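Labels below follow one simple rule: chain letters A, B, ... track the order of the sequence lines, proteins then strands, and each chain is numbered from 1. Just so it is clear, the values below take in all heavy atoms, side chains as well, and ignore hydrogens, waters and symmetry mates. Predicted, not measured: the structure shown is a model, and the values here were computed from it.
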2 protein chains.
Amino acid sequence: MTDRTTLGDLQHAIMRVLWRRGEATAAEVHAALEPERGLAPTTIATMLRKMETKGVIEHRVEGRQFIYRPTVSEAEVRRSMVDELVDRVFAGDPTALVGHLLAEHRVEPEELDHVRQIIEDASDREEEAT
Amino acid sequence: MTDRTTLGDLQHAIMRVLWRRGEATAAEVHAALEPERGLAPTTIATMLRKMETKGVIEHRVEGRQFIYRPTVSEAEVRRSMVDELVDRVFAGDPTALVGHLLAEHRVEPEELDHVRQIIEDASDREEEAT
DNA sequence: CCAAATCAACTACCAAGGTAATACTACCTC
DNA sequence: GAGGTAGTATTACCTTGGTAGTTGATTTGG
């Protein structure tokens, strides 16, 4: 089940565009990434085709254009990429990654409280919904 | 400065052996990884050579054997790999990754308190040292 | 109706990670 | 000294991500 959907940097950038807009043509994706990446339009088109083969996006035809949209959610990708990192680098222990983040990345304790609060609220709502 | 030292899965497994033991020959690394990976000895040897080219390990000669040892620490690798994930997947916001971990990976709040305690203690010691 | 623009498809490279057989070399043993 | 053994070097192949030129079909503007 756990599909381990890993994306490269460009693939991820493309997915971000698709997630934000719901769907887009190759030209639109290219336009969106042009500023910071300056890639050839064909590069985007090729990557889109590869990504479709890989199964992370699909397209429908509109006239002579392909309109692509994601088949995996941002949450799924996050999850599998974080899982992979946790397995590879922290021996499967997510708490160790949290520790690392607090120690190395200077995540403020107040921020942490805030985050925890959000989680707890969410859990509460979940229980209520039972 | 920030070298962005990314390691593949096998490379990471090899590094773990080297970090644990301080140094090891190709045969020793192979022996250590044999059980769970079952790779050919030459595969390990080839990978070690590639990793040395890449600069993450180095070797000294002892008789006709090469004894490899890490040139980068586990902490450095962790840091750059986590940085990369945070940049790619969480738009550079480490707190977002913490949130994800708490929400998706069911990190227990008690665990969190524990982790935070460790961090705070460390900060205290740091201040004392001033 | 023809030329220019628009798209997708095809083809081609490069780098890096991974995997391994084969070749070479030096040493050790009989 | 011959042969096996241990160990490194060479070579080779596959996959995936990334990058892009060229080609071919289609559509549309003049």
Side-chain angles (χ1 to χ4, degrees), chain A residues 3-18 23-31 33-34 36-69 72 77 80-81 84-85 87-89, chain B residues 3-17 23-34 36-69 72 77 80-81 84-85 87-89:
Chain A
D3 261 46
R4 207 98 308 189
T5 304
T6 304
L7 300 178
D9 198 44
L10 176 59
Q11 299 187 346
H12 217 280
I14 291 175
M15 286 307 273
R16 270 192 302 270
V17 175
L18 259 22
E23 51 176 37
T25 64
E28 285 166 347
V29 174
H30 176 251
L33 299 179
E34 230 292 314
E36 70 256 31
R37 304 223 169 210
L39 293 169
T42 52
T43 300
I44 303 296
T46 302
M47 202 61 231
L48 283 167
R49 233 168 307 112
K50 287 188 175 184
M51 287 165 75
E52 186 161 34
T53 301
K54 182 195 178 97
V56 294
I57 62 176
E58 63 184 13
H59 78 272
R60 67 190 167 81
V61 179
E62 174 113 350
R64 68 233 115 312
Q65 287 191 156
F66 282 14
I67 304 185
Y68 291 95
R69 61 184 195 77
V72 293
V77 171
S80 77
M81 291 189 72
E84 185 144 340
L85 185 82
D87 285 352
R88 267 225 225 314
V89 184
Chain B
D3 262 44
R4 209 92 317 183
T5 304
T6 304
L7 300 177
D9 198 44
L10 176 59
Q11 299 187 346
H12 216 281
I14 291 174
M15 287 307 272
R16 268 192 303 271
V17 175
E23 52 176 35
T25 64
E28 285 167 346
V29 173
H30 175 252
L33 299 179
E34 230 292 313
E36 70 255 32
R37 305 223 169 210
L39 293 169
T42 51
T43 300
I44 302 297
T46 303
M47 203 60 233
L48 283 166
R49 231 168 306 110
K50 285 189 175 182
M51 287 165 74
E52 186 161 34
T53 301
K54 181 196 178 98
V56 294
I57 62 176
E58 62 184 14
H59 79 272
R60 67 190 166 81
V61 179
E62 175 114 349
R64 67 231 111 339
Q65 287 193 157
F66 283 14
I67 303 184
Y68 291 95
R69 62 184 194 78
V72 293
V77 171
S80 76
M81 291 189 73
E84 186 144 340
L85 185 82
D87 285 352
R88 267 224 223 316
V89 184

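Nearest to the side-chain atoms of T46(B) among the listed nucleotides dA20(C), dG7(D), dG17(C) stands dA20(C). The A26(A) side chain lies nearest to dA8(C) when the options are dA8(C), dT19(C), dG17(D). With dA8(C), dG18(D), dT10(D) as the candidates, the nucleotide lying closest to the side chain of Q65(A) is dA8(C). Checked against dG17(D), dT19(C), dT10(D), the side chain of L10(B) finds its nearest nucleotide in dT19(C). Of all nucleotides listed (dG21(D), dT8(D), dG18(C)), dG18(C) comes nearest to the side chain of M47(B).
In this structure, the CZ atom of R88(B) is 12 Å from the C1' atom of dG18(D), given to the nearest Å. Nucleotide dG18(D) holds its P atom 12 Å from the CG atom of L33(A), rounded to whole Å. A straight line from CG of L39(A) to C1' of dC14(C) spans 15 Å, rounded to a whole angstrom. The interatomic distance linking H30(B) (NE2) with dA6(D) (C1') rounds to 14 Å, in whole Å. Distance E28(B) CD to dA6(D) C1': 14 Å, rounded to the nearest Å. Summarising the geometry, the separation between CE on M51(A) and C1' on dA8(C) is reported as 17 Å, rounded to the nearest angstrom. Rounded to whole angstrom, the span from the CD1 atom of I44(B) across to the C1' atom of dG17(C) amounts to 13 Å. I57(A) has its CD1 atom 12 Å from the P atom of dG17(D), to the nearest Å.
Contact annotation: T43(A) side-chain N/O to dA20(D) OP1/OP2 distance is under 4.0 Å. Applying the 4.0 Å criterion to OP1 and OP2 of dG17(C), one finds that K54(B) has a side-chain N or O inside that range. For R37(A) and dT19(D), the shortest distance from a side-chain N or O to OP1 or OP2 is not below 4.0 Å. The shortest distance between the side-chain N/O atoms of R49(A) and the OP1/OP2 oxygens of dA8(C) is not below 4.0 Å.
By the 30° and 60° cut-offs, the orientation of the rings of Y68(B) relative to H59(B) is tilted.
Each of L7(A) and A40(A) was assigned the nucleotide of DNA chain D with the nearest heavy atom; the assignment lying further toward the 5' end belongs to L7(A). Heavy-atom distances to DNA chain C give each of R64(A) and K50(A) a nearest nucleotide, and the one nearer the 5′ end belongs to R64(A).
Distance CZ/R49(A) to CD/E52(A): 9.5 Å, rounded to 0.5 Å.
I14(A) is listed as a side-chain neighbour of L48(A), based on a closest heavy-atom distance under 4.5 Å. In this structure the side chain of V72(A) reaches within 4.5 angstrom of the side chain of M15(A), judged on heavy atoms. Between I67(B) and E28(B) there is no side-chain heavy-atom pair separated by less than 4.5 Å.
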